[in-house]
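If you read the sequence from its start, that first residue is 1, and numbering goes on from there. These figures come from a predicted structure and were not determined experimentally.
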Amino acid sequence: MDIENRQSVALAARLLQPGTIAPATQSIGPSAKGRLDRRRLFRVLDHIDRHLEGDLTLDSMASIACLSRFHFARAFKQAVGQSPLRHVIARRLERAKALLIEGRAPLVEIALTLRFSSQANFTRAFKQSAGMAPGQYRREATAARDMNPLRMRSRFNATDPAHIDLGESFDENFPVGQFGLRGRTTNAINT
């Protein structure tokens with residue numbers, strides 16, 4: 001037997017020993033029985049995220065996982081902790097929050113885009129999930145977004161101007177100590 005065949009036989013013998021070949025898929029959780037492997041689960045979760053605004057049926061998700069409807073529904077619930085339908089609704093409500101923060105689309109358009117049968121059903125589901133109506137969520141999110149620049153300005157004004165690095169445009173002869181926290185003079189120069 002030549003050296004190439006010996007190496008091939010030695011490699012094959014080594015690979016056939018127990019524990020040398022890792023399983024092709026790993027399960028989520030301690031037992032693989034009745035669970036989705038990572039590859040299938042992530043494929044389904046990616047499919048859900050990409051198709052939130054389209055039809056997401058149990059059949060389509062089960063076919064992505066290459067499982068029967070029944071086995072997929074049971075395995076998905078064990079892996080994720082909620083049924084496929086509840087997971088899809090939760091993901092759609094998270095997407096609705098992002099759309100509400102953007103603040104451009106009317107509530108009815110968001111509801112219908114995310115496949116809710118009506119604005120009333122969307123509002124009911126959103127209120128149950130977020131604890132407030134979508135319109136109220138939008139108002140509070142918009143107010144919080146508008147407050148952030150004000151907070152940044154107030155933090156800037158509250159800093160000590162003597163410790164602010166103004167870069168190359170700073171005039172060394174300019175008396176920094178004459179200014180208070182908000183840029184007003186503290187001595188009688190401007191009076």
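Within the 3.5 Å criterion, the main-chain N or O of L56 finds no donor-acceptor partner in the side chain of S60. The backbone N or O of L52 sits nowhere less than 3.5 Å from a side-chain atom of R91 that would complete a donor-acceptor pair. One N or O on the side chain of T123 and one on the backbone of Q119 form a donor-acceptor pair closer than 3.5 Å.
Donor-acceptor pairing under 3.5 Å is lacking for the side chains of R50 and H47.
Take D59 and apply the side-chain contact (heavy atoms from CB on, under 4.5 Å) test, not counting sequence neighbours, and it matches T57, R69. With sequence neighbours excluded, the residues forming a salt bridge (charged side-chain N to carboxylate O under 4.0 Å, His left out) with E53 are R95, listed by chain and number. With sequence neighbours excluded, the residues forming a side-chain contact (heavy atoms from CB on, under 4.5 Å) with R43 are R39, R40, I64, C66, listed by chain and number. With sequence neighbours left out, N121 forms a side-chain contact (heavy atoms from CB on, under 4.5 Å) with S117, S118, R124.
Two residues are said to be in side-chain contact when any heavy atoms from C-beta on lie closer than 4.5 Å; M61 and V88 meet this criterion.
Applying the ring pair (Phe, Tyr, Trp, His ring centres under 6.0 Å) definition to pairs two or more places apart or across chains, those involving residues 85-112 are F76-H87.
Other members of the hydrophobic cluster containing I101, listed by chain and number, are L85, I89, L93, L99, L100, L107, I110, L114, F116, F122, F126, M132, Y137; membership follows side-chain contacts under 4.5 Å among ILVMFWY residues, whether direct or relayed.
For E94 and K97, the salt-bridge test passes: some basic side-chain N is under 4.0 Å from an acidic carboxylate O.
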> Going through the checks in order, is the side chain to side chain contact (heavy atoms under 4.5 Å, CB included) test met by R92 and R115?
Replying inline: CA-CA 9 Å; R92 284 180 172 162; R115 311 300 276 185; 3.5 Å; yes
> Should V80 and L36 be marked as a side chain to side chain contact (heavy atoms under 4.5 Å, CB included) after you check the CA-CA gap, both sets of side-chain angles, and the distance that decides it?
Replying inline: CA-CA 10 Å; V80 177; L36 283 173; over 6 Å; no
